[in-house]
Amino acid sequence: MANRNHHKLPRRFYSRPTLDVARDLVGKFIVHESPSGRMAARIVEVEAYIGRDDPACHAARGMTKRNEVMFGRPGFSYVYFIYGMYHCLNFVTEPEGSPAAVLLRAAEPVDGLDIMAGYAPGKPAQELLDGPGKFCRSFQLTRDHNGLDLTGTILYLEDRKHKPPSVAASPRIGIREGRNLLWRFFDQNSNAVSRTGPAAIRATKPSHRA
DNA sequence: TGAATGATGCGCT
DNA sequence: GCGCATCATTCAT
């Protein structure tokens, strides 16, 4: 870390109650030192998935080969493949043995826009990472990045000197069960939150028209 | 402006 | 086989 105003999040950040971690992650920065270069983005939207009692959590039906990292130590990545063409990135939380994670849903590009897949001159930057599938595609993350140590040097998160975001909560998006829980957290002032979801949620995104 | 749908592959029952 | 923590496109209003 060359910049002394950038502080990599330590393992103890992740080893806490998942809702606390999720809320605190809004406004943090994620960095990927990829083979094609360094990318960085500011997190603006996440969702919490907590344990065996959360029907929407992949761990609800026990440990499998796919979700085993959720049961492991906090501060590791959980990346899974979905809908035949997308990947989703999660951050494992809670002490070992408590399966839980935070899904990264959207972020604002900060560095390395030119090497993000899907980048096109003239395309609004806020549309590069505004969804969990789009984030992984642009940030060039696949199942190969499952189980990475987030306190390492390839994929990690940082706290930076930055104005604290105004965080709001809402139901999670794209799930069938567990919609009563307000476990989605997002930056109310960001125009890079994901588009999918009920009109009430989308309305949090400022309209283009006056 | 919003609802419906097809693409596409894999994990799990 | 079915369903999925998605997205871009098409169609209806």
Side-chain angles (χ1 to χ4, degrees), chain A residues 14 18-19 21-23 25-26 30 41 43-71 76-94 98-107 109 116-120 122-147 150 168-186 191-210:
Chain A
Y14 304 95
T18 306
L19 294 179
V21 177
R23 182 176 286 272
L25 277 174
V26 178
I30 181 168
I43 296 171
V44 298
E45 179 183 350
V46 299
E47 286 177 357
Y49 289 88
I50 310 175
R52 295 177 171 81
D53 295 332
D54 175 3
C57 181
H58 287 173
R61 293 177 192 178
M63 184 166 69
T64 66
K65 188 71 176 178
R66 175 214 204 191
N67 66 18
E68 64 181 351
V69 297
M70 284 185 86
F71 290 77
F76 281 77
S77 64
Y78 168 43
V79 181
Y80 63 88
F81 184 67
I82 186 113
Y83 295 122
M85 59 186 90
Y86 298 106
H87 295 272
C88 290
L89 170 66
N90 296 255
F91 312 115
V92 175
T93 60
E94 314 252 358
S98 297
V102 175
L103 167 71
L104 174 52
R105 286 197 57 90
M116 290 183 187
Y119 170 79
K123 180 180 182 179
Q126 72 245 23
E127 294 179 12
L128 229 33
L129 310 172
D130 62 347
K134 292 174 71 176
F135 177 87
C136 284
R137 188 186 57 186
S138 292
F139 238 63
Q140 298 171 25
L141 297 171
T142 68
R143 274 166 298 183
D144 292 343
H145 301 86
N146 186 46
L150 299 173
S170 82
R172 293 172 292 181
I173 293 173
I175 55 172
R176 294 196 60 83
E177 296 181 275
R179 304 210 59 148
N180 54 316
L181 303 167
L182 304 182
W183 287 359
R184 169 178 176 259
F185 301 94
F186 59 99
N191 56 7
V193 296
S194 65
R195 306 152 117 274
T196 8
I201 296 172
R202 253 197 312 269
T204 60
K205 197 169 182 173
S207 172
H208 184 63
R209 290 194 168 278

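First the proteins, then the strands, lettered A, B, ... as listed; each starts at 1. Please read all numbers here as calculations on a predicted model, not as lab measurements.
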Review point. Are the side chains of F186(A) and S170(A) in touch, meaning some heavy atoms are under 4.5 Å apart?
Key: yes

Check your understanding: So do the side chains of Y80(A) and N146(A) get within less than 4.5 Å of each other, counting heavy atoms only?
Key -> no

**Study point:** Spacing of I173(A) atom CD1 relative to dC4(C) atom P, expressed in whole Å
**Key:** 16 Å

Exercise for review: Take nucleotides 8-13 of chain C nucleotide by nucleotide from the 5' end and write B, S or -, depending on whether a protein heavy atom sits under 4.0 Å from the base, only from the sugar-phosphate, or from neither.
Suggested key: S-----

Check your understanding: Does the base of dA7(B) carry an N or O that pairs as donor and acceptor with the side chain of Y83(A) under 3.5 Å?
Key -> no

Practice item. Please check the phosphate of dG11(B) (OP1 and OP2 only) for any side-chain N or O of T64(A) closer than 4.0 Å. Key: no

Point to revise | Among R179(A), R172(A), R105(A), the one residue meeting salt bridge (charged side-chain N to carboxylate O under 4.0 Å, His left out) with E47(A) | key: R105(A)

Review point. Whole-Å distance between dT6(C) C1' and L141(A) CG?
Key: 16 Å

Exercise for review: Could you work out which one of dC12(B), dC10(B), dT6(C) sits closest to the side chain of R143(A)?
Suggested key: dC10(B)

Exercise for review: Please work out the stems of DNA chain C from pairs that are Watson-Crick or G-U wobble with both distances under 3.5 Å, keeping only runs of three or more consecutive pairs.
Suggested key: B:1-7 with C:6-12, B:9-12 with C:1-4

**Study point:** Charged tip of R143(A) within 45° of F81(A) ring normal and under 6.0 Å
**Key:** yes

Review point. Rounded to whole angstroms, how far apart are NE2 on H58(A) and P on dG3(C)?
Key: 16 Å

Practice item. Under 4.0 Å between any heavy atoms, over every strand shown, what does G133(A) touch: base, sugar-phosphate, or nothing? Just pick one. Key: sugar-phosphate

Check your understanding: Do the non-hydrogen side-chain atoms of V21(A) and F91(A) ever get within less than 4.5 Å of each other?
Key -> no

Point to revise | Test item: V92(A) and Y14(A) side chains (from C-beta on) under 4.5 Å apart, heavy atoms | key: no

Review point. Going by heavy atoms in the side chains, are I175(A) and Y49(A) under 4.5 Å from each other?
Key: yes

Revision key, fill the gap. With the side chain defined as heavy atoms from C-beta on, Y78(A) is closest, among dA5(C), dT8(B), dG9(B), to dA5(C)

Check your understanding: Out of dT6(C), dG11(B), dC4(C), which nucleotide sits closest to the side chain of R176(A)?
Key -> dC4(C)

Check your understanding: Rounded to the nearest 0.5 Å, what separation is found between the CD1 atom of I50(A) and the CG atom of L19(A)?
Key -> 4.0 Å

**Study point:** Gap between atoms CD and P, on E47(A) and dC4(C) respectively (whole Å)
**Key:** 15 Å

Practice item. May I ask you to say what L103(A) touches in the nucleic acid, namely base, sugar-phosphate or nothing, with a heavy-atom cut-off under 4.0 Å? Key: base

Review point. Between R105(A) and dT6(C), does any side-chain N or O lie under 4.0 Å from OP1 or OP2?
Key: yes

**Study point:** Interatomic distance, F185(A) CZ vs dA5(C) C1' [rounded to whole Å]
**Key:** 15 Å

Check your understanding: Does Y49(A) lie flat on the base of dA5(C), that is, centres under 5.5 Å apart and planes under 30° off?
Key -> yes

Point to revise | Rounded distance in Å - CZ (F81(A)) to P (dG9(B)) | key: 7 Å

Review point. E127(A) has an atom CD; how far is it from atom P of dC7(C), in whole Å?
Key: 13 Å

Point to revise | Atom pair CZ (R195(A)) and CD (E127(A)), whose distance is rounded to the nearest 0.5 Å | key: 6.5 Å

**Study point:** Nearest-Å distance for atom pair CG/C1', residues N146(A) and dC10(B)
**Key:** 14 Å

Exercise for review: Return the minimal non-hydrogen interatomic distance between A101(A) and N90(A), and the atom names on each side.
Suggested key: CB-CB, 3.9 Å

